[in-house]
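To start, the structure itself, in structure tokens.
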Protein chains: 2
Amino acid sequence: MSAAESPHPSSGARPRRPRPPTMNDVAAMAGVSRGTVSRALNGGHNVSPAAQEAIRKAISKTGYVVNQHARSLATQRAHSVAFILSESPDAFFEDPNYSVLLRGCAQALAIHDMTLLLTIAGTAEDSKRISRYVTAGHVDGALLVSTHAGSPLFDELNARGVPVVACGKPLGHERDVSYVAIDDRDGARRMVRHLRSRGRQRIATITGPLDLPGGVDRLAGYHDVLGQTDPRLIATGDYTQASGEAAMQRLLYEVPDLDAVFVASDLMAAGALTALRRAGRRVPDDVAVGGFDDSKVATATTPKLTTIRQPWARQSAEMARLLLALIDGEQPAAVVLPAELVARDST
Amino acid sequence: MSAAESPHPSSGARPRRPRPPTMNDVAAMAGVSRGTVSRALNGGHNVSPAAQEAIRKAISKTGYVVNQHARSLATQRAHSVAFILSESPDAFFEDPNYSVLLRGCAQALAIHDMTLLLTIAGTAEDSKRISRYVTAGHVDGALLVSTHAGSPLFDELNARGVPVVACGKPLGHERDVSYVAIDDRDGARRMVRHLRSRGRQRIATITGPLDLPGGVDRLAGYHDVLGQTDPRLIATGDYTQASGEAAMQRLLYEVPDLDAVFVASDLMAAGALTALRRAGRRVPDDVAVGGFDDSKVATATTPKLTTIRQPWARQSAEMARLLLALIDGEQPAAVVLPAELVARDST
DNA sequence: CTGAAAGCGCTTACAG
DNA sequence: CTGAAAGCGCTTACAG
């Protein structure tokens, strides 16, 4: 039940929104032409100090702010960027790290006077709508986040020449779309080596979805250290806590003598802890558990998770930087950031 | 260390972005005037079925998408809405629920062809910049999230007649800005009553910041049930996990015989659990712990948290609906949604 | 260094 | 039901 209160008593007819001042108002007040104001605003080249000063005053007196729509129409530049979230069913927003990424990108772009449009491609239909929106030139570029391997977005945006930067390695498009990624494979290697250095012999792993880079690369890192392993040691989850719990249960059933598990995300690791506890295994005494992400969840569990930290703030800054560079006509590039082991109580 | 790989080998000069088709192209292909195309697009009134059909075909053949900047310039409507995040230092993004809110708003707005601009008011300077941006008519309205009591944003946007909807009760502006809130006070009452029904006698509380509605209202609910209590039973945190831990430690020191604690957020409750464990208190045997939010953290802790669920998806939908109504000239309103107790293992 | 003018792509009375 | 035309607020060669 919800209660919708009656309209606020104090509110009469809402005041009509006053028309904001335009460049004409500023020009008139400063005693110059519209063109000169525009030039003063855009770099200030070819404007005398006197005019500059008069304009500055007029702007502050009128409270003038440039109308981005008009500017965009004239320049054919949107001064905005789309943050396209391809949501894997349910799993996506479970990871609090993505909000850090989102915030970081918005702030990095704001510095360059770019605004961030948030779009969510939940369904295939959404995806199509967004693709049209983006290719229609409403934005200058796009940030692709959590986009699965088979998504048509890569090809569509590429074909239209829209500058794009992917978050994480864009599987199948490593060569034709720019990206900034964490070194997932090396992170996985670090964790598995760490587990081995603790004397563990039967090390299992719970992977993420294998059409996402975090899924395949972290598994590859596992194999780098351990070589080919008993295939029963490998279970796959979908990054949700429930999937981690189910995968752990399966592993315990199939490989009862395992003594460690490397889980490809903290949230799944939290699920794994639940399954282990239920099975009466002590962590880390009987089974060591390593996570990935260093998200909030890592310190909320008991015991606290040993995990791999991803430099999210750094990553978002790099994504913004790279996209801005592409928009300015520079060549595509790939940036790979290192991952770091954070040892806590679960190993 | 980061590795910036050399440019992709396959990428030559990036293809110049082709100019997207305009309404003129569609009109020419359909054999009608631009005005008719525009009318067909905006409701289809006064357009013959034949023309309508010809236009439909031309649009699909050309892949035409309306240029929002041009449309906005002509209509004086931005077709977009700002999501203004007033970030309380560090604390904000710890709460994963906000991403659910953000996602919900974006989706609800997308249905109405509105795009969501994400802006972050970290510093006072940001806040000023955003205020100018919004009042300059770049957006049709604003969603205010986590805005502290003293923020000038309320007055500034109100004065300029910008439609605004706040997330949660806007302290000090309940009468002049629309909002949709959870019934914090009643949620707190439910939790405290629940604690009492478990036979607890010395019930402490850890509140949120007292310039945020979740801080004052949840504390008020606590008092509603318990009346005036020993002031030492009340500690204040800032919604971070660390602050919850510190507050719990303080409570244990000052009121060693407490047997329950109502914590105003799950994350702070996770911190409280850590402090309790360190002090050798069993949960719930010695001390019952109640949280608030039903966030991811609530099920990652041991024991899992009894908490108050907030209907975030519902809240975001209501916020979008209300803002759209305001933009269409309707009167301000307040919507209050119920909170629900979720009993788990910590009480 | 500066102004007049064309143009960006759309909407919307207005006349017919 | 339809087209011609003005206008939204800016930028940018162009001429001076």
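What you see below is based on every heavy atom in this structure, not just the backbone, and it leaves out hydrogens, waters and symmetry mates. Chain letters run A, B, ... following the sequence lines, proteins first, then strands; residues in each count from 1.
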Original post:
Which of the following nucleotides, dC10(D), dT2(D), dC10(C), is nearest to the side chain of A51(B)?
Top reply: dT2(D)

**OP:** Return the nearest nucleotide to the side chain of T75(A); candidates are dT12(D), dC10(D), dC1(C).
**Re:** dT12(D)

Original post:
Between Q76(B) and dG9(D), is there a side-chain N or O to OP1/OP2 distance below 4.0 Å?
Top reply: yes

Original post:
Does dG3(C) have OP1 or OP2 sitting under 4.0 Å from an N or O in the side chain of S33(A)?
Top reply: yes

To the nearest angstrom, how far is [X] atom [atom1] from [N] atom [atom2]?
X: L41(B); N: dG9(C); atom1: CG; atom2: P; answer: 16 Å
X: H79(A); N: dC8(C); atom1: NE2; atom2: P; answer: 18 Å
X: R71(B); N: dC10(D); atom1: CZ; atom2: C1'; answer: 20 Å
X: R39(B); N: dC10(C); atom1: CZ; atom2: P; answer: 15 Å
X: L73(B); N: dT11(D); atom1: CG; atom2: P; answer: 12 Å
X: N42(B); N: dC10(C); atom1: CG; atom2: P; answer: 11 Å
X: R34(B); N: dA5(D); atom1: CZ; atom2: P; answer: 11 Å
X: M23(A); N: dT12(D); atom1: CE; atom2: C1'; answer: 12 Å

Original post:
Between L171(B) and L212(B), which heavy-atom pair has the shortest distance, and what is it?
Top reply: CD1-C, 3.8 Å

Original post:
If you look at every heavy atom in T22(A) and Y64(A), which pair is closest and at what distance?
Top reply: C-CE1, 3.5 Å

Subject >> Pairwise 5' ranking along DNA chain C for A70(B) and G35(B), keeping only the more 5' one >> reply: A70(B)

Original post:
Nearest nucleotide by nearest heavy atom, which residue falls closer to the 5' end of DNA chain C, H69(B) or T36(B)?
Top reply: H69(B)

Subject >> Rounded distance [0.5 Å steps], NE2 in H173(B) versus CG in L153(B) >> reply: 10.0 Å

Original post:
What is the distance from atom CE of M23(B) to atom CD1 of I55(B), rounded to the nearest 0.5 Å?
Top reply: 9.0 Å

Original post:
Of G31(B) and V66(A), whose closest DNA chain D nucleotide lies nearer the 5' terminus?
Top reply: G31(B)

Subject >> Check against side chain to side chain contact (heavy atoms under 4.5 Å, CB included), L102(A) and L85(A) >> reply: CA-CA 10 Å; L102(A) 183 55; L85(A) 224 44; 5.9 Å; no

Subject >> Touch class at under 4.0 angstrom, heavy-atom based, for S38(A) against every strand present >> reply: base

**OP:** Quick one: label N67(B) by what it contacts on the DNA or RNA (base, sugar-phosphate, nothing), any heavy atom closer than 4.0 Å.
**Re:** sugar-phosphate

**OP:** Rounded to whole angstrom, note down the C1' distance from dT12(C) over to dG16(C).
**Re:** 16 Å

Original post:
What does dA13(C) pair with, Watson-Crick or G-U, if both distances are under 3.5 Å?
Top reply: none

